[in-house]
Amino acid sequence: MNTDTAQLDNLQAPEVELDPIESHVNSEYKYGFVTDIESESAPKGLNEDIIRFISAKKNEPEWMLEWRLKAYSHWLKMKEPGWANITFPPINYQDVIYYSAPKQKIKPKSLDEVDPELIKTFEKLGISLEEQKRLTGVAVDAVIDSISIGTSFKEQLAELGIIFCSMSEAIQEHPELVRQYLGSVVPVTDNFFSALNSAVFSDGSFCFIPKGVRCPMELSTYFRINAENTGQFERTLIVAEEGSYVSYLEGCTAPMRDENQLHAAVVEIIALDNAEVKYSTVQNWYPGDKEGKGGIYNFVTKRGICKGVNSKISWTQVETGSSITWKYPSVILQGDNSNGEFYSVAVTNNYQQADTGTKMIHLGKNTRSRIVSKGISAGYSNNSYRGLVRVGKNASNARNFSQCDSLLLGDKCGAHTFPYIEVKNNTGIVEHEATTSKIGEDQIFYCNQRGIDTEKAVALIINGFAKEVMNQLPMEFAVEAQKLLAISLEGSVG
Amino acid sequence: MDTIAYLKERFEQLQTNPVNQHIKQMRDEAFTEFTQTGIPTVKHEEWKYTRINDFFGKDYHFTTDLKEKAFTISDLEPLQLPGHEEANLVVFINGHFHPELSHTRSEELEIISLQEATAHPQYSVIVKKHLGHSAAYHKDGINALNTAFIQEGVFIHVFKSRTASHPVYLYNITDARNGNIFAQPRCLVHVAQNAQVQMAETFATIGADESFTNQVIELVVEKDAVLDFYKIQNDAPNSKVVTTTHVHQVGKSVANVVTVSLNGGLIRNNLNMVMSAEFSEANMYGLYLGDGQTHIDNHTVVDNRQPNCLSNELYKGVLNGNATGVFNGKIFVRQIAQKTNAYQSNRNILLSENASVNTKPQLEIFADDVKCSHGCTVGRLDEDALFYMRSRGIEEKTATALLLHGFALDILDKINHEGVRTFVEGFITKKLDL
């Protein structure tokens, strides 16, 4: 009798095994902590005075203030876009603090002078400036709450004529460049969120690669939202002159918060003749808790223009965070023979919503574009791909290939694709394909058969699913991206 | 007078006529909805590429007279489909059912007016349940506009366990010999359990003035029934057509819809497949050959509401001259609809410099255990294939025509009625100048 029961227990034992998909849903956000730094903030709300305050605070020239005010007056006339496949309670734009800077009276010259609290924050994130500097040779322009606090490798870059600094510094020191290019790709009137950004942006990165220079290292910026109730409005501008090359990395993590935070960044890229810009992002803002409470609202406008012939812009993104992602990194292919690429992995879990994709606007002759988008949805989340491929009247011999695949983990989530294809030239060839599926039982079985347990098998399959995009990431980033994918889908990725 | 005010006047006039209470109420609700939305403009997402509102700025006749005396049987002759002598005919003139020209020849089905059906002891239940079901899928005003003016519609019933021996031919004719015409035909088709029917419909405008047809046809397919529906559009350049074909599979059934659009001014086809029963199958095939100024827009929706359904969709288009093609295919898979297989493909060939195409294959999926895919291509004729034929002494024009014919044949093969298929193929051969 006893032995019978024991045998029965033995038989039942394996069933206790956790469903990998179940368990990843329970995973916690690992980067949730608050750095205690006194902030010097503007009062809540938005009006002309706040914009004047920001501009004065940053000691900006008159033309910059005028530019901001122009954007603000446009923003007032605009309506929040409602077409995306996302739902969120209305944002009270008067309840946001538009400027908050870590209190630092003297600008540090080296990392040693930087507030040790800040350094610690980066260490917790595993991206210590010191370590990065030593091990990877990456120049890091770290941004905490809208102010650059440490820039490294600056001198080395300066020798080559490369300008890599914070936007506020660029406005002071290179006003002619900023004035020429700022708003030339994303004009102040472009959309609701970019207009807001143009009016209130506090800082960001500026990068200028002179003619014929190949940037010897990956340029990288870490963004981090810190003070409570602070919207972060980053402005990034990258200009690649004739024949130059740069690979730019952007990554972000944000501490755990209950209140929703607004993030409306703008990134502009200009590539002149024969230039190439590679822009990679790992986005891991706080996604909200298991009930969908909190999390970052990420409304980003990213656009590049291949202005010159044979130029190339490539966007790679790994989107794991934010409760709402609204982001469409686009390329305007104006120069003949120019090339645009978009590689994306978007992972949504719990109640996250992502509406992301790209726009490829073919204007020049012999332009090419390639879109690879991989969406992974789990929990109660919704993941949408929204893309536009437009071949203009004069864009002869344009070529586009798009592929968007969705993977569904669980039956409460959704995967959506909204590809728009507009072709006005008969010499163009445009292809689009999309699939939606789940991890097949036969695939799991195949792995199990070969001694790979279910959890590892799921990890293997997801990694394989995203590999096409992951391969596009620079070495320094690939490790982190793998880590984030693992955290976002903990339990299903090994 | 602006459009809405004018339509409101006509609507109020219509409502004073004696009519069944159910229809009167439906019209009321629909008109209220219409006044809120109005005629869709290009700002409406579903109408982004198709502009129809300019017609309503013109003077047009909104015929509420029940009989169109001017149209005679001799006018109908050239518009007939092959085999019409035996087929069941349903003729709409300017949106009104014309009983004298229509014929019920098969004993397996019955064709009566919607008004009659609403009062019919047996059919009234069906009408109440299914008439206006498409409204939930079209919140753009144009569907509501048709419902608001339901008057002389048609109800077709295919009897249980019977296979219609001859097809039903639907002629949507607009007589634009005396001014611009706005016509709104309406149909409700009920294919009872285990029944089978083939239907083909055509659109024709006679006269030199402009016509605008806003058609709604709702088809209910019961358990084990099979429906074949062929829409053939070969109309005049002065015609504008908006059609809504709403197939509701209430029982496990098979529905095949083939849409062939060859000529016309502006064509907008809404095709909905609502799969409300497990193990249903829906096939949608479309072919559009546009040239001149023709604008052809196909919007399809597949709504998978139950598990284990299969849907197949293939739309192919060739655009020449200044023609514009639009394709929008939506696949919804609801959370309950596990094990759904849904395939969609849209292929376009652009032949001329000024032809353009806008396509948007869209998937919205809420169930995880599904296999869904869509693909779409836009390109020109395969140069290798052309070269192959040229090198064998076939002149370029013929080679092009041959390739296009082959491209179109995929869809033509899906027409199961031989008479209709030969008829359509004849048009295509002529159009390609083979």
Side-chain angles (χ1 to χ4, degrees), chain A residues 21 82-83 85 375-394 396-441, chain B residues 43 45 48-49 307 318-322 324-383:
Chain A
I21 291 155
W83 41 261
N85 189 22
I376 302 168
S377 347
Y380 295 86
S381 67
N382 274 302
N383 201 329
S384 310
Y385 166 81
R386 186 184 300 277
L388 167 71
V389 176
R390 180 182 284 153
V391 177
K393 193 103 201 59
N394 300 318
S396 38
N397 299 316
R399 185 79 176 86
N400 161 269
F401 173 76
S402 316
Q403 185 185 346
C404 30
D405 297 328
S406 307
L407 195 63
L408 290 156
L409 307 173
D411 60 358
K412 304 272 189 306
C413 50
H416 318 271
T417 40
F418 305 89
Y420 292 76
I421 294 149
E422 303 177 6
V423 185
K424 296 209 158 35
N425 185 301
N426 66 320
T427 56
I429 298 176
V430 178
E431 288 172 286
H432 173 96
E433 55 181 56
T435 60
T436 302
S437 56
K438 68 164 193 170
I439 296 177
E441 276 164 30
Chain B
K43 284 189 180 150
E45 178 65 22
K48 198 174 167 187
Y49 302 110
V318 179
L319 299 157
N320 204 349
N322 295 317
T324 325
V326 180
F327 175 79
N328 183 318
K330 259 187 223 167
I331 298 177
F332 287 106
V333 181
R334 306 205 177 215
Q335 200 192 317
I336 182 180
Q338 299 290 354
K339 310 265 179 210
T340 290
N341 282 2
Y343 305 103
Q344 184 190 77
S345 178
N346 173 231
R347 300 174 62 188
N348 298 284
I349 292 179
L350 295 180
L351 286 181
S352 70
E353 258 175 48
N354 293 319
S356 65
V357 69
N358 300 301
T359 160
K360 185 184 166 200
Q362 189 176 330
L363 296 175
E364 297 213 35
I365 294 163
F366 294 94
D368 64 334
D369 191 4
V370 298
K371 277 186 192 146
C372 294
S373 68
H374 68 196
C376 91
T377 56
V378 181
R380 51 201 149 164
L381 278 178
D382 183 2
E383 278 172 22

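Because only heavy atoms are used, hydrogens play no part in the values below, and waters and symmetry mates are left out as well, while side chains stay in. What you see is a predicted model; the values in this text were computed from it and never measured. In what follows, every chain begins at residue 1, and chains take the letters A, B, ... in the order their sequences are listed.
Taking S373(B), G375(B), P361(B), G379(B) one by one and counting their heavy-atom pairs under 4.5 Å with chain A, the maximum is reached by P361(B). Among the candidates P419(A), S437(A), G440(A), the residue making the largest number of heavy-atom pairs closer than 4.5 Å to chain B is P419(A). Your options are N383(A), N426(A), L408(A), and the one with the most heavy-atom pairs under 4.5 Å with chain B is N426(A). Top candidate by heavy-atom pairs under 4.5 Å with chain A, chosen from K330(B), R347(B), E353(B), is E353(B). Among the candidates I349(B), L319(B), T359(B), the residue making the largest number of heavy-atom pairs closer than 4.5 Å to chain A is T359(B). Among C376(B), S356(B), G325(B), the residue making the largest number of heavy-atom pairs under 4.5 Å with chain A is C376(B). When each of K393(A), R399(A), R390(A) is scored by its heavy-atom pairs under 4.5 Å with chain B, the top score falls to K393(A). Interface check for chain B: of the options A415(A), G414(A), G428(A), the most heavy-atom pairs under 4.5 Å are formed by A415(A). Options I365(B), V326(B), L350(B) differ in how many heavy-atom pairs under 4.5 Å they form with chain A, and the most are formed by I365(B). For the set R386(A), E433(A), E441(A), H432(A), the entry with the most heavy-atom pairs within less than 4.5 Å of chain B is H432(A).
For the side-chain contact (heavy atoms from CB on, under 4.5 Å) with T436(A), the lone residue among D368(B), L363(B), V333(B), T340(B) that qualifies is L363(B).
Heavy-atom distances place the backbone of S352(B), and not its side chain, under 4.5 Å from chain A. With a threshold of 4.5 angstrom between heavy atoms, Q344(B) does not approach chain A through any atom at all. Only the side chain of K48(B) comes within contact range of chain A, judged by heavy atoms closer than 4.5 Å. If you measure heavy-atom distances from T427(A) to chain B, the contacts under 4.5 Å come from both the backbone and the side chain. Looking at I331(B), there are no atoms closer than 4.5 Å to chain A (heavy atoms on both sides), in backbone or side chain. Proximity to chain B is limited to the side chain of N382(A), based on heavy atoms less than 4.5 angstrom apart.
N354(B) and K424(A) share no donor-acceptor pair across their side chains, judged by distance under 3.5 Å alone.
Aromatic pair F332(B)/H416(A): centroids not less than 6.0 angstrom apart.
Of the possible polar contacts, none joining the K438(A) side chain to the K371(B) backbone as a donor-acceptor pair under 3.5 Å is found. For Q335(B) (side chain) and D411(A) (main-chain N/O), a donor-acceptor pair under 3.5 Å exists by modelled atom type.
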Residues E364(B), F418(A); criterion side chain to side chain contact (heavy atoms under 4.5 Å, CB included); working and verdict: CA-CA 9 Å; E364(B) 297 213 35; F418(A) 305 89; 3.4 Å; yes
Applying side chain to side chain contact (heavy atoms under 4.5 Å, CB included) to N358(B) and I421(A), what does each step give before you reach the verdict? CA-CA 5 Å; N358(B) 300 301; I421(A) 294 149; over 6 Å; no
Mind running side chain to side chain contact (heavy atoms under 4.5 Å, CB included) on T417(A) and Q362(B) for me, showing each step along the way? CA-CA 5 Å; T417(A) 40; Q362(B) 189 176 330; 5.7 Å; no
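The OH atom of Y49(B) sits 6.5 Å away from the OH atom of Y420(A) when rounded to the nearest 0.5 Å.
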